[in-house]
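A short write-up of the structure that comes next.
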Amino acid sequence: MKLAESTAALLPESIRDDFPILAQTVHGDKQLVFLDSAASSQRPRQVIDAIVRCYEHEYANVHRGIHVLSERATDGYELARRKAQEFLGAEHAHEVIFTAGTTASINTVARSWGDANVGAGDEILLTPMEHHSNLVPWFQLADRTGAVIKHLPMTDDGRLEVDRLGEFLTTKTKLFAFTAVSNTLGTVNPVAKLCRQARAAGVVTLVDAAQSAPHLPTDVRAWDCDFLALSGHKMCGPSGVGLLYGREALLDAMPPFLGGGSMINRVYDDHFTPADLPGKFEAGTPPIAPAIALGAAIDYLQSIGLDRIHAHEQALVAHAWERLSAIEGIRLLGPSPIEHGPDIRAGLVSFVLDRPHSHDIAQLLDNEGVAVRAGHHCTQPLHDRLGITASTRASFYLYNTLAEVDALAEALTTVRDRFKPTGRKRRPREA
Ligand code: PMP
């Protein structure tokens with residue numbers, strides 16, 4: 001997509017006024033350019049207000065109290081669940097579990113579903129582009145059970161080899177867990193296609209939606225996935241809350257993972273009976289205000305429209321791709337939106353420069369007010385596959401602008417120029 005064609009998709013810059021944190025200068029007089037939303041997004045005033053409103057007017061523990069504040073908090077908490085249900089396209093509200101985030105959601109499935117359904121010699125299919133939180137819980141499950149880890153291969157430019165999925169869905173495969181959007185490559189995977197093929201082979205699917213749910217529409221029924229995990233803090237909500245979607249029949253059959261208050265129906269001297277869904281998976285006091293604020297974040301994102309947010313970010317990525325690829329010595333990671341079209345990518349661009357190192361780049365960009373992330377982004381096996389140890393990632397959201405992409409490109413050009421090889425040979429030291 002050429003810049004001229006895509007600018008029509010940009011959201012109005014007035015959206016930035018909703019995000020008070022963005023209107024600041026750092027390091028003296030440098031305007032903050034926040035390009036680290038894939039790690040954690042910022043929150044609009046509407047979400048901050050919802051948190052304040054909760055603590056000022058409707059906070060108490062949920063579900064148990066027979067008093068006004070507890071009823072208000074319970075109503076707010078359950079309303080947030082229904083908003084999440086609608087956001088995900090789930091059939092039932094009780095298929096939506098509040099967790100602490102994507103990591104907690106995936107671990108819940110690995111422990112509850114995994115321990116009950118996966119045994120020695122069974123196969124768990126993953127991909128080379130998974131975040132550590134969609135790897136380590138499965139490695140731990142394999143350690144506990146003797147299951148075998150497999151990976152669907154990907155191309156050198158970071159696209160899953162979808163045509164080879166059939167080879168990897170064997171009679172031993174129990175689960176296919178994959179990310180909808182890579183947090184390092186930016187690749188958008190064909191979720192519905194992957195789930196359909198897995199279902200036809202009788203394989204359960206788990207979609208890591210941490211990087212897709214904030215940026216493009218989610219539809220668990222159209223995707224036909226069995227489980228889906230996301231984090232509130234990446235989608236304008238607070239940290240400390242996330243969602244686990246599970247198909248009703250699977251959740252019903254799964255034993256609870258965490259034990260304690262709220263997840264029980266009845267406790268006896270030496271045993272208990274679990275609560276119905278969703279309580280069975282929400283042991284202890286849940287993240288009450290964060291869940292209510294996540295509901296406000298969902299309202300906010302839906303008032304703008306996930307399709308529009310995605311189109312906005314595609315325009316930013318197209319521009320970033322054009323600008324950054326012109327920098328000498330740069331390697332952009334992930335599939336090219338010019339070669340494969342804008343739908344192949346979500347709103348982030350990771351890169352390596354021949355010099356300096358990613359961490360130095362991030363430090364030097366920060367000096368100019370440009371916040372990016374450097375390191376392995378919790379995708380070490382992916383970095384190994386790409387033959388690099390670290391990369392720098394610029395990630396965009398609905399509040400970023402073309403001017404900010406330009407600021408990144410200009411700051412990066414300056415950094416690269418500073419570290420450019422001079423071609424001059426060092427004179428040998430005199431003895
Ligand atoms: N999966 C992906 C693709 C992610 O980007 C992240 C966060 N970087 C996670 C999982 C883990 O999310 P959290 O730390 O919120 O649990």
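We count ligands from 1, going down the list as the structure has it; atoms in each ligand are counted the same way. Predicted model only: the values in this text are computed from it and were never measured.
The closest heavy-atom contact to atom 8 (N) of ligand 1, among the options Gln211, Lys234, His132, His377, comes from Lys234.
From the protein, the heavy atom lying nearest to atom 4 (C) of ligand 1 is His131 CD2, 3.3 Å. Ranking the protein heavy atoms by distance from atom 16 (O) of ligand 1 puts Thr103 OG1, 2.5 Å first.
Taking the six-membered ring for Trp and the full ring otherwise, the centers of His312 and Phe396 sit at least 6.0 Å from each other. Taking the ring centroids of His383 and His377, they lie under the 6.0 Å cut-off. Less than 6.0 angstrom separates the ring centroid of Phe98 from the ring centroid of Tyr77.
When only modelled atom types and interatomic distance are considered, Asp343 and Gln314 share a side-chain donor-acceptor pair under 3.5 Å. Defined by atom type and a distance below 3.5 Å, a donor-acceptor pair is missing between the side-chain atoms of Thr74 and His63.
At least one heavy atom of Asp208 sits less than 4.0 Å from an atom of ligand 1.
Among the atoms of Thr179, none of the N or O lies under 3.5 angstrom from an N or O of ligand 1.
Between Tyr59 and Tyr55, the ring planes are tilted. Angles from 30° to 60° get that label.
Close approach of ligand 1 to Ser231 (heavy-atom distance below 4.0 Å) involves ligand atoms 12 (O), 13 (P), 15 (O), 16 (O). When each atom of ligand 1 is checked for a heavy atom of Ser133 under 4.0 Å away, the hits are 1 (N), 9 (C), 10 (C), 11 (C).
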